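Below: one structure, written as structure tokens.
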Amino acid sequence: MEKSFEPRPIESKWYARWEQSGVFHPPGHGEPYCILLPPPNVTGTLHMGHAFQQTVMDMLIRYQRMRGLRTLWQVGTDHAGIATQKIVENQLAVESKTRHDLGREPFVERVWQWKEESGSTITNQMRRLGVAADWSRERFTMDEGLSAAVRKVFVEWYRAGLIYRGNRLVNWDPVLGTAVSDLEVNNVERDGHMWSIRYPVTGSDESLVVATTRPETMLGDVAVAVHPDDERYQHLIGKTLTLPLAGREIPVIADDYVDREFGTGCVKITPAHDFNDYAIGQRHKLAPIEIFTLDAKINANAPAKYQGMDRYDARKAVLADLEAVGLLVETKPHKLQVPVSQRSDAVIEPMLTDQWFVDLTSDKGRKAITEPALNAVRSSEIKFVPENWTTTYTQWLENIQDWCISRQLWWGHRIPAWYDEAGNIFVGEDEADARKHAAVEPAGALKQDEDVLDTWFSSALWPFSTLGWPFNGEVKNERGEVVANWEQDKIFLPSAVLVTGFDIIFFWVARMVMATVYFTGKVPFREVYINAIVRDAEGQKMSKSKGNTLDPLDLIDGIELEPLVEKSTKSLLIPQVREKVEKRIRKDYPHGIPAIGTDALRFTFAALASYSRTINFDIKRAEGYKAFCNKLWNAARFVLMNLPEGELPAPAGAPVTEAERWILTRLKHTLAEVEQHFVTYRFDLLAQALYEFVWNEYCDWFLELSKPALNGDDANAAASTRHTLLVVLETVLRALHPIIPFITEEIWQSVAPKLGIHAESILARSWPNAGETAADEAATAEIEWFKNVLSGIRRIRAEMNIAPGKVIPLLLADGDASDRARAVKFAAQISFLARVDAPQWIEPGADEPAAAAAVVGSLRVLIPLAGLIDLGAEKTRLGKEIAKIEGEIKKCENKLGNANFVANAPAEVVAQERQRITDWNTQLVALREQMRKLG
């Protein structure tokens, strides 16, 4: 092994070897265990959320593979309809072209070309993270096999009456020219205004005043609504108003939706451009009037003066005209939530357009699709972790709307529907199939629908389409390589666990359940682990405009300050924002970001992965886990340097020393704890258990406790200790491997041959079973006593600034028979490791010199003050120790004073708290007595 741990060369070496050796393919034995990668955008790059989520998945895959399961990590990328098309359209804009200049087929060709150039960026970055994915089975949502699945699902649902085409209100992006899903809309708080407008009652001096944040939409008003019990307006219900500027008469209607306490209690109703108004319009059978074109300009349904104006220019004109005729009552500032497209930053406009929908709400749709998806979770066939997300899932499905699946794009799965000259619809997997199943003879030539399917439609099929459905035999990619075979691979359905974020429970998780249950009769996964969202160290959402985003690769490789500033600000167009971000970067990272390596980053993610909704990523913590990797490396070097050449023969019989039996007992308990945390997805507790074992117990204690045996005269003890050092190291490397794969593989390659193990990779070794390690609780009690004595002496030396190499006297007082026996047993080790003279007992009643004290149970460990320690300093130290123990006692008393804790906590936990109080009180009495003796 090299003298120091250098992550970069180790990472590049081992990942290439793993992938080339085929170690990530499903082994041909064991119970199937599958994880589906949520397919990232094909044109995307790895961000902190990806890195966190993929670390969790990789830990599970490596752990289960080592347990002997037949693991498959199914990976691939999503064609990301809107995002990818937008990138290529932006490229064309630089050339002063639009997609319409190219035409549909050449444009789609250009997108495929871009996909080939940039599509492997994120998958190569995933390799840097160390993911144990089966890349030979990588899929793409637009590859031929998955496209065939999309067509089959669409056609079958259509022919079953579960897909229909209708004119409905949707979120419309006027810049991209397409409907978008709720997921692609951000509600952004902005400063706006609330305008109050007077609507005259027709043929009367009366009027109603309505308030609106979008006055231009009044040109499409079809009514004004009031609450049916609002006494102020009951006499006007059924009468008409004259719509200002348009001159149309519109009715006053009564509807419970209106909040009579808000504003004037009157609401303008524009069904064609507002979702709530649309529902009211349907209830009252009001015909909607569209006033916008698809690029958000005023259309021919509005007065001629406004036609052709952009919606915001029309707003100014409408307000000016209302003021001119005295109908603008009031203008006041107002904070409002504005729906903004994630993809284009355009303000979303609700629009009535012809779209394709999946029926999820009629009796037929609920029975066939929605109810089975609900029952899968209600019956616990699918479980959410943490469990509270079950409510989120069920509430959404219980209140679901029909799913708009069409998008007005060119990049994506083109809808397999054709129209004849009479407007009849013909659906099939191709035109021939559509004609074959036609109910009527087509009138003339057929023309295919221009729209493509929502990206989430193909993603909903991911659990089974990636496994080769609907084909019966082998499915090959464009290079002729077999990527799936449904007959063989359906053993991986349902997959074991889906690891995903809470923000796509509705858009992806629920829809996978709907499609998979309908088409395969199985649930797509048994458990859904909802991972937390990664935020910065202060808990702020990561955002480029804030300058608090982190590139995982910059953490792995490191980056100097100036390149970091340039990278963080190059896409920020507003000068003030650029300056603010640059200032923050220079403050937070004055020396850039130091390289921490992949393993340290992965350990950080594991240590943060609790059940919380968000986690705060602090780079300082990542640097701490880099130190952990260095500690493990140095410990391994120490062990190997203390071994003879060649293979180390296993000694006959049980481990000779109590220190060995203690570390093996601690290893057994740690492995059992880690296995339990894997089952419950508590990766934070799992990482903590392994960290404490490796850092505190193996490195800080066992390596130290091994030195007397390694340097002593007992050859059996030395040989046994060497073997135990090696066995525990090899075992803990296997336990750590799912979290930190690179360093464990590198060290293991040097350790394994010493034990006669000749596997190709640590991943080919079995997971360390806690049951195979013997426990010795008696030895553990002995060593814990010894550790406490040693810690007490070292604490006094450190706090009193006694030179580490100075040999000092040691006195023991009080205690019981077991303390005396242990003092004799460990006398040589205490002297060797604590740099003290052989311990001397102060008999009861004998004069006792002024001394600094540590307390172990009822035993007092004393370092005489004469010539070594300042009396005042020792009193101060004792005072702090007493205060600390009083605090611990108070914590225990508070717990035991809590009736809920005593009633609900396991009996052994309550008993443990009571024992802790007893132990603390014993120490407190001894420390107070020592303080008394010092005056």
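Every value quoted in this text rests on a predicted model; they were computed, and no experiment measured them.
Here the two rings, on Phe742 and Trp18, have centers that are under 6.0 Å apart. Ring centers of Phe426 and Tyr419: at least 6.0 Å apart, outside the cut-off. Checked against the 6.0 Å centroid criterion, the rings of Phe519 and Trp157 qualify as a close aromatic pair. No close placement of the Phe464 and Phe492 rings is indicated, their centers lying 6.0 Å or farther apart.
In Glu31, the CD atom is not crowded: 12 or fewer heavy atoms of neighbouring residues, nucleotides or ligands sit closer than 6.0 Å. Remark: Asp363 CG is loosely packed, at most 12 non-hydrogen atoms of other residues, nucleotides or ligands lying under 6.0 Å away. For Gln91, the CD atom sits in a packed shell: over 12 heavy atoms of surrounding residues, nucleotides or ligands are nearer than 6.0 Å. Residue-environment remark: NZ (Lys447) stays at or below the threshold of 12 foreign heavy atoms within 6.0 Å. Within a 6.0 Å radius of NZ in Lys476, other residues, nucleotides and ligands contribute 12 heavy atoms or fewer.
Without hydrogens or angle criteria, Ser118 side chain to Thr43 main chain gives no donor-acceptor distance under 3.5 Å. Side-chain atoms of Thr84 come within 3.5 Å of backbone atoms of His79 as a donor-acceptor pair (strictly under, hydrogens ignored).
For the pair Arg511 and Trp403, the distance from NZ or CZ to the six-membered ring centre is under 6.0 Å and the angle to the ring normal is within 45 degrees.
Using a 4.0 Å cut-off between a side-chain N of Lys or Arg and a carboxylate O of Asp or Glu, Glu760 and Arg765 do not qualify as a salt bridge. In summary, Arg378 and Glu398 engage in a salt bridge, as defined by a charged side-chain N under 4.0 Å from a carboxylate O. Checked for salt-bridge contact, Asp489 and Arg137 meet the test: a charged N lies under 4.0 Å from a carboxylate O. Taking the charged nitrogens against the carboxylate oxygens, Glu527 and Lys383 have no contact shorter than 4.0 Å, which rules out a salt bridge. A salt bridge links Asp433 with Arg159: at least one charged nitrogen is closer than 4.0 Å to a carboxylate oxygen. Ion pair Glu184/Lys86 not flagged as a salt bridge, since none of the NZ, NE, NH1 or NH2 atoms sits closer than 4.0 Å to an Asp/Glu carboxylate oxygen. For Arg435 and Glu431, the salt-bridge test passes: some basic side-chain N is under 4.0 Å from an acidic carboxylate O. A salt bridge is absent between Arg526 and Glu381: the closest approach of a Lys/Arg side-chain nitrogen to an acidic carboxylate oxygen does not fall below 4.0 angstrom.
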Practice problem: Test Asp599 against Phe603 for side chain to side chain contact (heavy atoms under 4.5 Å, CB included), laying out the working first. | Solution: CA-CA 6 Å; Asp599 287 321; Phe603 208 116; over 6 Å; no
Self-check item: Check against salt bridge (charged side-chain N to carboxylate O under 4.0 Å, His left out), Arg602 and Asp58
Solution: CA-CA 10 Å; Arg602 287 173 59 120; Asp58 196 56; 2.7 Å; yes
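In this view, Arg343 satisfies the salt bridge (Lys or Arg N to Asp or Glu O under 4.0 Å) rule with no residue, not counting sequence neighbours.
Ring pair Tyr681/Tyr529 is parallel by interplanar angle, where below 30° counts as parallel and above 60° as perpendicular. Using cut-offs of 30° and 60° for the angle between ring planes, the His47 and His50 rings count as parallel. Between Phe678 and Trp767, the two ring planes are perpendicular [angle over 60°; tilted spans 30° to 60°]. Ring geometry for Trp112 versus Phe140: interplanar angle over 60°, hence perpendicular rather than tilted (30 to 60°). Ring orientation note: the planes of Phe507 and Trp396 are tilted relative to one another, at an angle of 30° to 60°.
Residue Trp356 forms a side-chain hydrogen bond (donor to acceptor under 3.5 Å, both in side chains) with just one option from Asp449, Asp454, Asp451, and that option is Asp449. When the options Ile415, Thr141, Ile405 are evaluated for a side-chain contact (heavy atoms from CB on, under 4.5 Å) with Phe457, the one that passes is Ile405.
Here the closest non-hydrogen pair linking Ala83 and Asn41 is CB-ND2, 4.1 Å. Taking all atoms of both residues into account, the shortest heavy-atom contact from Val75 to Ala133 is CG1-CB, 3.4 Å.
Under 3.5 Å, the side chains of His29 and Arg70 contain no donor-acceptor pair of N or O atoms.
Put simply, the side chain of Glu429 reaches to within 4.5 Å of the side chain of Lys152, judged on heavy atoms.
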